[in-house]
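By convention here, the first residue in the shown sequence is residue 1. Basis for what follows: all heavy atoms, side chains included, without hydrogens, waters or symmetry-related copies.
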Amino acid sequence: MRSTFLRAYPPAQPAEGEARWLLFRNGDLLVRAEGEQIALIADRAALADAQGGTPIYLGTLDGVPYIACTLAGDDPLPEGWQPRNLRTLFGALGDEEYGIAGYAAQMLFWQRTSQFCPVCAAPTEHVGGDWGRRCTSCGFTRYPQISPAILALVHDGDRILLTHKPGWGARYSIVAGFVEPNEALEACVQREVMEECGVDVAGVTYFGSQGWPFPAQLMVGFTCSYAGGELVIDPHELDDARWFHVDELPDLPGPLSLSRQLIDHWVASRRPA
């Protein structure tokens with residue numbers, strides 16, 4: 001049976017005893033490496049002298065508490081410990097723990113950016129029972145911010161529309177863009193494809209979603225079909241966009257990303273067993 005992560009909210013506190021620590025330093029997660037095995041830190045006391053922020057109790061997995069904390073400084077790490085970027089840990093940690101690590105990164109970002117009111121700049125305080133923070137002066141209350149963004153796989157028979165941004169090297173990906181205020185997700189797909197590539201799409205169909213903690217996004221994936229128009233890129237967003245045949249695809253995003261999952265699903269649909 002698959003394990004279930006049970007989230008906790010302030011003012012809940014972890015039980016005494018065993019725990020897993022998600023310790024971040026300079027944006028990287030500290031893990032234990034033993035050969036090919038990667039594991040989360042189970043003993044915060046090994047860095048007892050390291051200065052850090054207030055620990056955040058995230059919840060439990062199989063009854064074991066998970067706690068996140070940011071550490072300061074660059075002191076040598078205990079033997080077997082190493083800093084790793086979250087992206088490089090995909091597939092190295094179990095799916096459940098990798099998801100918790102992404103959650104930890106987002107909550108630490110929220111902790112770091114929510115200490116002062118965006119309205120009057122006064123300090124904020126916790127709102128009991130959830131992650132909200134209330135201004136101690138004007139009373140304005142805010143909650144962890146999530147920025148939704150769409151991914152749009154545009155297909156036309158055996159062709160797929162892929163885009164390229166400066167600095168991507170040889171890699172191409174599907175159309176992506178942030179959702180604007182008062183905009184439906186499907187409308188965002190149509191707008192982003194038109195703005196970036198100059199073509200119309202139809203049959204916008206939901207595929208799936210993915211939390212993306214870099215730092216606090218929610219990626220929402222769609223497929224859609226080409227419905228007309230000439231390919232003309234927005235040079236402020238892209239430096240190239242073109243149609244690729246299913247058998248002649250360029251370098252693609254890594255398997256962690258929802259964009260790659262969309263592409264792989266489309267490729268499989270064009271190559272029936």
Just one of T163, D240, D251 clears the side-chain hydrogen bond (donor to acceptor under 3.5 Å, both in side chains) bar with Y172, so which one?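 Considering T163, D240, D251, a side-chain hydrogen bond (donor to acceptor under 3.5 Å, both in side chains) with Y172 is found only for D240.
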Any donor-acceptor N/O pair, [X] side chain to [Y] backbone, under 3.5 Å:
| X | Y | value |
| --- | --- | --- |
| N85 | R87 | yes |
| T205 | G203 | yes |
| R133 | T124 | yes |
| Y57 | A68 | no |
| T113 | F109 | yes |
| R171 | L252 | no |
| Q37 | A33 | no |

To the nearest 0.5 angstrom, please state how far the [atom1] atom of [X] sits from the [atom2] atom of [Y].
| X | Y | atom1 | atom2 | answer |
| --- | --- | --- | --- | --- |
| W131 | S114 | CH2 | OG | 10.5 Å |
| E180 | N182 | CD | CG | 10.5 Å |
| I100 | F5 | CD1 | CZ | 4.5 Å |
| T223 | I160 | OG1 | CD1 | 10.0 Å |
| L23 | D28 | CG | CG | 12.5 Å |
| E237 | E195 | CD | CD | 8.0 Å |

Close side-chain approach of [X] and [Y], heavy atoms under 4.5 Å:
| X | Y | result |
| --- | --- | --- |
| T4 | D62 | no |
| L58 | I67 | no |
| S257 | W212 | yes |
| L77 | L30 | yes |

Stacked cation flag R7 on Y66, 6.0 angstrom / 45 deg: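 Not flagged: R7 not positioned over aromatic ring of Y66.
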Can you tell me which residue among V154, V204, I174 is in a side chain to side chain contact (heavy atoms under 4.5 Å, CB included) with V193?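 Of the listed options, the one satisfying the test is V154.
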Hey, any chance L256 and W168 share a hydrophobic cluster, counting ILVMFWY side chains that come within less than 4.5 Å of each other, even indirectly?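 Looking at the clustering, W168 is in a separate group from L256.
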In this structure, would V201 and L153 fall into the same cluster of hydrophobic residues linked by side-chain contacts under 4.5 Å?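 No, no single cluster joins them.
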From CA spacing to verdict: side chain to side chain contact (heavy atoms under 4.5 Å, CB included), F222, L151: CA-CA 6 Å; F222 294 87; L151 296 169; over 6 Å; no
So, using side-chain hydrogen bond (donor to acceptor under 3.5 Å, both in side chains) as the criterion, who are the partners of S173 when residues are at least two apart?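 S173 satisfies side-chain hydrogen bond (donor to acceptor under 3.5 Å, both in side chains) with no other residue.
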Residue H245 excluded, over 12 heavy atoms near NE2 under 6.0 Å: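 Correct, the count exceeds 12.
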Does a salt bridge link R191 with E183, judged by any charged N lying under 4.0 Å from a carboxylate O?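 Answer for the salt bridge query: yes.
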Could you tell me whether R270 and D247 make a salt bridge, using a distance below 4.0 angstrom between a side-chain N and a carboxylate O?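 No, no charged N to carboxylate O under 4.0 Å.
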Give a yes-or-no answer on whether the side chains of E186 and Y206 include a donor-acceptor pair shorter than 3.5 Å.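 Not at all, the side chains of E186 and Y206 share no donor-acceptor pair under 3.5 Å.
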For E230, give me all partners under salt bridge (charged side-chain N to carboxylate O under 4.0 Å, His left out), at least two apart in sequence or on another chain.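 Testing E230 for salt bridge (charged side-chain N to carboxylate O under 4.0 Å, His left out), a comparison that skips the adjacent residues, returns none.
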Would H155 and Y226 count as a close aromatic pair, with their ring centres under 6.0 Å?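 So the answer is no for these two rings.
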